[in-house]
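Reckoned from all heavy atoms, side chains included, excluding hydrogens, waters and symmetry mates.
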Amino acid sequence: MVDYIVVGLGLSGISVCERLEENGLGYRVFEGGVQKASVVAAGLINPVILKRFTLAWKADEQLEIAIPFYKNIEEKLRVKLFYPNNIYRRFNSAEEQNNWFSAADKPGLSDFLNTELKPKLNSCIKSDYGFGEVLHTGTVNTELMISEYGIHLRKQDKISFENFDYDALKIEENHLEYKGLEAKKIIFCEGFGLINNPFFNYLPLTGNKGEYITIYSEELQMNEIVKSSVFIIPIGNNLYRVGATYNNQDKSPEPTTKAREELIRKLSAVISCKFDVVDQVAGIRPASKDRRPLAGQHPEYRNLYCCNGFGSRGMLISPMLSEEIIKLTETAEPLPLEVDLARFTKKHYSV
Ligand SMILES: Cc1cc2nc3c(=O)[nH]c(=O)nc-3n(C[C@H](O)[C@H](O)[C@H](O)COP(=O)(O)OP(=O)(O)OC[C@H]3O[C@@H](n4cnc5c(N)ncnc54)[C@H](O)[C@@H]3O)c2cc1C
């Protein structure tokens, strides 16, 4: 018997596994490779909403936990994952500059918005109004983290690389049984895959497809992360990730020509040097109706839990929420109401 089954090894699953380890609890992960949001994510750890210059929901608290959390995984896996790198927001008008300076005076934001305007960043990047620097940000190489974490779990025989079959789960009063494996509890971390989960698919998860292109440019020679209408993120060897798109309608997993053209058009409006597109990826962000996580206990089956709904901010949300969910599963400490899935009607689940 293990203490937990964890379904999914994206940002949510990894964070949950880390918390289980910290608490000395045994677990087995099932990962079927059916969703890609965490694998394709840019891995940006950024507390500021760069459209409006506001602090993202609880981002300051989350940031304090997130950076040590990823550094700890980096040390454990002995692989470089975290790159501190501030973001430069390109201003489109004098009004935007003014909004930046007023935002920088506000409590909460003053720690993150540098009040020294940077007039120019790079000869290839057009800018009439300069750039504002967001401090204390960085990126994690999520693709590498997930593959190395999978290897780490496989060495300890704690993971099965297969799709979890919901029909094979037998739920008893005090334990669960799944294909001969007994567990006390299960935590579902399937991202947008939740829509196939008969126990939790009553929750209002509205996927949002995101796509990135990778470009190669010898001329660009840029080390900073730039945000204009798209992010431009240097990843080394003259390669840059450019994105992402947001699409509420298309839930297909494949990259699209439409997104590629949109990103090329937006990038060409900002940089003046030559580039080639060398790759393109897509994933579905698990977004909720009210833009808050969907976490907690099943309303009827008390040993079933879900940790989901990270939307476009999984890097910051998952380290904190995973701590809260393990407090719930182990000590029955309630989750903050705004993330608890109990806020959605309990009557409409279908099994
Ligand atoms: C293009 C793009 C860029 C992004 N950039 C950023 C960024 O820079 N910063 C940021 O904070 N966020 C970013 N995000 C959002 C972030 O990726 C998500 O918030 C986060 O990855 C969600 O993690 P998750 O573990 O909940 O879901 P997922 O990453 O979807 O992981 C779920 C896992 O469960 C597995 N699974 C599902 N069903 C089953 C099943 N039945 N059996 C077994 N396994 C199953 C899937 O294969 C998958 O591995 C980005 C998203 C996209 C699409």
Side-chain angles (χ1 to χ4, degrees), residues 6-16 34-42 44-47 49 51-52 54-59 61-63 65-66 142 166 186-211 244-253 282-301 304-329 334-351:
V6 178
V7 180
L9 194 71
L11 292 178
S12 174
I14 287 183
S15 305
V16 163
V34 285
Q35 292 295 326
K36 299 272 176 244
S38 303
V39 176
V40 306
L44 276 168
I45 300 179
N46 166 32
I49 297 174
K51 217 173 187 175
R52 302 189 294 271
T54 52
L55 202 62
W57 171 74
K58 287 194 173 178
E61 290 169 54
Q62 292 163 353
L63 187 70
I65 299 179
T142 56
Y166 303 98
I186 186 164
I187 306 183
F188 291 105
C189 306
E190 310 117 309
F192 190 60
L194 182 97
I195 60 165
N196 300 316
N197 180 330
F199 304 104
F200 285 103
N201 65 3
Y202 68 95
L203 292 170
L205 193 76
T206 60
N208 188 304
K209 184 167 177 176
E211 301 192 43
T245 56
Y246 289 80
N247 188 330
N248 274 325
Q249 306 303 317
D250 179 9
K251 311 287 189 226
S252 64
I284 314 283
R285 301 175 184 92
S288 71
K289 203 167 75 176
D290 61 1
R291 293 165 174 252
R292 293 287 176 266
L294 293 165
Q297 191 173 34
H298 190 273
E300 186 184 353
Y301 302 115
L304 269 55
Y305 297 84
C306 153
C307 186
N308 210 314
F310 299 171
S312 57
R313 297 212 159 249
M315 295 301 302
L316 276 173
I317 293 174
S318 56
M320 189 162 140
L321 190 65
S322 54
E323 245 179 27
E324 293 171 342
I325 195 124
I326 299 305
K327 280 187 197 152
L328 168 74
T329 62
L335 287 171
L337 287 178
E338 57 197 334
V339 306
D340 193 331
L341 53 81
R343 69 192 185 278
F344 295 105
T345 170
K346 293 178 181 177
K347 285 184 199 146
H348 295 138
Y349 58 87
S350 59
V351 180

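At a threshold of 4.5 Å between non-hydrogen side-chain atoms, the residues Leu11 and Met315 count as touching. Residues Leu341 and Tyr202 are in side-chain contact: their nearest non-hydrogen atoms beyond the backbone lie under 4.5 Å apart. Contact annotation: the side chain of Phe199 never approaches that of Glu300 to less than 4.5 Å [non-hydrogen atoms, C-beta and beyond].
Sorted by first and then second residue, the pairs that involve residues 317-326 and meet salt bridge (Lys or Arg N to Asp or Glu O under 4.0 Å), not counting sequence neighbours, are Arg19-Glu323. Listed by first then second residue, pairs satisfying salt bridge (Lys or Arg N to Asp or Glu O under 4.0 Å) with a partner in residues 309-321 number zero, not counting sequence neighbours. Evaluation of the salt bridge (Lys or Arg N to Asp or Glu O under 4.0 Å) test over residues 188-198, restricted to residues two or more places apart or in two chains, returns none.
Checked against side chain to side chain contact (heavy atoms under 4.5 Å, CB included), Ala66 has the following partners two or more places apart in sequence or in another chain: Tyr70, Leu316, Pro319. Every side-chain hydrogen bond (donor to acceptor under 3.5 Å, both in side chains) that Arg285 has, sequence neighbours left out, goes to Asn208. The salt bridge (charged side-chain N to carboxylate O under 4.0 Å, His left out) test applied to Glu338 returns Lys58, not counting sequence neighbours. Ser288 meets the side chain to side chain contact (heavy atoms under 4.5 Å, CB included) test with Asp290, Leu294, Arg343; sequence neighbours excluded. Every residue two or more places apart in sequence or in another chain was checked for a side-chain hydrogen bond (donor to acceptor under 3.5 Å, both in side chains) with Thr142, and none qualifies. With sequence neighbours excluded, the residues satisfying salt bridge (charged side-chain N to carboxylate O under 4.0 Å, His left out) with Asp250 are Lys209. Judged as a side chain to side chain contact (heavy atoms under 4.5 Å, CB included), and not counting sequence neighbours, the contacts of Lys327 are Thr331, Glu333.
Atom CD1 of Ile317 is separated from atom CZ of Arg292 by 8.0 Å, given to the nearest 0.5 angstrom. Atom CG of Asn197 is separated from atom CZ of Phe188 by 4.5 Å, given to the nearest 0.5 angstrom. In this structure, CD1 in Ile187 is found 4.0 Å from CD1 in Ile326, a value given to the nearest 0.5 Å. Atom OH in Tyr166 sits 10.5 Å away from atom CZ in Phe200 (nearest 0.5 Å). If you take CG on Leu205 and CZ on Phe192, they are separated by 6.5 Å, rounding to the nearest 0.5 Å. Atom-to-atom distance recorded for Thr206:OG1 and Ile195:CD1 is 11.0 Å, nearest 0.5 angstrom.
Between Tyr246 and Ser312 the shortest heavy-atom distance is OH-CB, 4.2 Å. Among all heavy-atom pairs drawn from Pro198 and Asn201, the shortest one is O-OD1, 3.8 Å. Shown here for Lys36 and Ala282, the closest heavy-atom pair between the two residues is CB-O, 3.8 Å. Residues Gly296 and Leu328 approach most closely at CA-CD2, 3.9 Å, considering heavy atoms. Of all the heavy atoms in Leu321 and Ala295, the pair that sits closest is CD2-CB, 3.9 Å. Heavy atoms only, all atoms of each residue included: Phe310 and Ser318 are closest at CE1-CB, 3.4 Å.
Environment of NZ in Lys289: sparse, with no more than 12 heavy atoms of neighbouring residues, nucleotides or ligands closer than 6.0 Å.
Without hydrogens or angle criteria, Ser12 side chain to Cys307 main chain gives a donor-acceptor distance under 3.5 Å.
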Walk me through it: do Trp57 and Val339 pass the test side-chain contact (heavy atoms from CB on, under 4.5 Å)?
CA-CA 11 Å; Trp57 171 74; Val339 306; 3.5 Å; yes

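When the options Cys306, Cys189, Pro286 are evaluated for a side-chain contact (heavy atoms from CB on, under 4.5 Å) with Leu194, the one that passes is Cys306.
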